[in-house]
*Asks:* 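What follows is a single structure, and I will ask about it in a moment.
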2 protein chains.
Amino acid sequence: MSLRHAVLGLLSEAPASGYDLMKLFNATLSMVWPATQSQVYGELGKLTTAGMVEVTAHGPRGRKEYAITDEGLTELRHWLTKVEPSGPQRDDGLLRVFFLGIVTPLEAQTFLLHQAELAARTRAMCEQVDENAQWDDEMISVYGRIALEYGLRMSAAQEEWARWAAEQVTTAKARRASELAHAQHEGPGQGHETQGKDAEGPQGDETGGT
Amino acid sequence: MSLRHAVLGLLSEAPASGYDLMKLFNATLSMVWPATQSQVYGELGKLTTAGMVEVTAHGPRGRKEYAITDEGLTELRHWLTKVEPSGPQRDDGLLRVFFLGIVTPLEAQTFLLHQAELAARTRAMCEQVDENAQWDDEMISVYGRIALEYGLRMSAAQEEWARWAAEQVTTAKARRASELAHAQHEGPGQGHETQGKDAEGPQGDETGGT
DNA sequence: GCACGCATGTAATTGGTTACATGATTGC
DNA sequence: GCAATCATGTAACCAATTACATGCGTGC
């Protein structure tokens, strides 16, 4: 239930309307906790009912400015210090890695190098934000800087990993090729290997269907 | 829609029942793409309707063994090579970092060091798996090894980051303390600082939009 | 007066979690 | 006979996404 806490967190810095919050989500939290407009408005309603935020001003065009209440601040502090973070899960890039065995080594490599490229781009983006931001001494920016550093380090590690992984595939491919050449001394069959699953033996029949 | 592909991926290695798949999800994909029993059975139904898997055997206790079809394999390959991975998002640990300004520096540090501890535990787990596994030369294990290495590197980087971050808070705290001491020469007002929002003024009300 | 940005909301659908319900087989 | 494990499914709920609907205010 962290959308709630993201909203409370943003409101803890300054009062804002739903519209403002959407801009903040897109500007600062899009990589960490994306949210849609309908979610934000919905959550503001629920938070108001729960007494964790309240409308503090009405502006033009029906604008409602929300501010966090003491109750909301208590809840936010509780979440920050007492509730165990669950950590990231569901990485559909990594999920693909598990199944790369069913495409050709070349395709697998292409995939991994593409992942490296994406990570590099993310890193570049983080670096640019880092340079453009003015990191003053204020406490508020310390944590922004720390969060950015996370992105920086993770994307760097990801890129390195992906390049390393692509190389692993090369060496594995080479090893298999040499084994194949060696096997051909005994029984040279059809020379070229087609694409397809390379892990054949264990499970009997395959793509044949019924 | 990656649950679908996780199921197809597992079935591409060997036919399995829903029950088997659940064990596989818990054993090998729990960190990457967790799934619940109801999800798995539901997805098997949808995949059957879509013609991507089929029931190939009936066992005791109503057991149904599913196998991937050519259509399913095509879909899996397409997803692996043609569909852009979206990468990880929604890290509720990192989300907390953005709002650490509202708790005391000490609490923030405690949080960060705890994160380091969690990452260290994850890394230890990965290392143990690495040792216990027998990494033979087969292609099939190359990708398992690569995925594990990802976990290894990411948790290591995460731990380092968290320790670094905790230190950043120390230095920021020290700087603020010295500034406070300096300020007291001119105007020693209310001496004790309560916990609470320390970032008050800087941004007026408007944070520029896109 | 018209386009653009501000501003709020609802409805429909999908994806995911938790809990419940049921029953067959195996091993002791 | 009893417990553990195998095995399948449904129902209710919550979280998130997409699409739709509406209207005011400002500046040109």
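Chain naming here is simple, since letters A, B, ... match the order of the sequence lines and numbering starts at 1 in each.
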*Asks:* Quick check on A:Asp70: does its CG atom have over 12 non-hydrogen neighbours (other residues, nucleotides or ligands) under 6.0 Å away?
*Replies:* no
*Asks:* Rounded to whole angstrom units, what separation is found between the CZ atom of B:Arg61 and the C1' atom of C:dG27?
*Replies:* 11 Å
*Asks:* I need the minimum non-hydrogen distance between B:Gln39 and B:Leu3, along with the two atoms involved.
*Replies:* NE2-CD2, 3.7 Å
*Asks:* Rounding to a whole Å, what distance do you find between A:Tyr19:OH and C:dA7:C1'?
*Replies:* 7 Å
*Asks:* Side-chain contact, heavy-atom cut-off 4.5 Å: A:Leu80 with B:Phe111?
*Replies:* no
*Asks:* Could you tell me how far apart A:Arg90 (CZ) and C:dT17 (C1') are, to the nearest whole angstrom?
*Replies:* 9 Å
*Asks:* Could you tell me how far apart A:Met22 (CE) and C:dA7 (P) are, to the nearest whole angstrom?
*Replies:* 14 Å
*Asks:* Between B:Gln89 and B:Lys64, which residue's closest nucleotide on DNA chain D lies nearer the 5′ terminus?
*Replies:* B:Lys64
*Asks:* Would you grab the first and last nucleotide of DNA chain D (5' to 3') that comes under 4.0 Å of any non-hydrogen atom in chain B?
*Replies:* D:dT5 to D:dT17
*Asks:* Rounded to whole Å, please give me the gap between NE2 in A:His58 and C1' in C:dT8.
*Replies:* 13 Å
*Asks:* Return yes if the base of C:dT8 and the side-chain atoms of A:Ser17 contain a donor-acceptor N/O pair under 3.5 Å, otherwise no.
*Replies:* no
*Asks:* Please name the residue in the list B:Ile68, B:Leu76, B:Leu24, B:Leu47 that meets the side chain to side chain contact (heavy atoms under 4.5 Å, CB included) test with B:Val7.
*Replies:* B:Leu47
*Asks:* With under 30° as parallel and over 60° as perpendicular, where do the rings of B:Tyr150 and A:Trp161 fit, or are they tilted in between?
*Replies:* perpendicular
*Asks:* Taking the nucleotide of DNA chain C with the closest heavy atom to each, which residue, A:Pro60 or A:Ser38, is nearer the 5' end?
*Replies:* A:Pro60
*Asks:* Taking only side-chain N and O atoms of B:Arg4, does any of them lie within less than 4.0 angstrom of OP1 or OP2 on C:dG16?
*Replies:* no
*Asks:* Within a 6.0 Å radius of atom CD on A:Gln89, are there more than 12 heavy atoms belonging to other residues, nucleotides or ligands?
*Replies:* yes
*Asks:* Please report the distance, rounded to the nearest Å, between CG in A:Asn26 and P in C:dC6.
*Replies:* 13 Å
*Asks:* In whole Å, I'd like the distance from the CD atom of A:Gln37 to the P atom of C:dA7.
*Replies:* 13 Å
*Asks:* If you measure from the Lys or Arg side-chain nitrogens to the Asp or Glu carboxylate oxygens, is any gap between A:Arg163 and A:Glu167 under 4.0 Å?
*Replies:* no
*Asks:* Nearest whole Å is fine: how far is C:dG16 P from A:Leu3 CG?
*Replies:* 17 Å
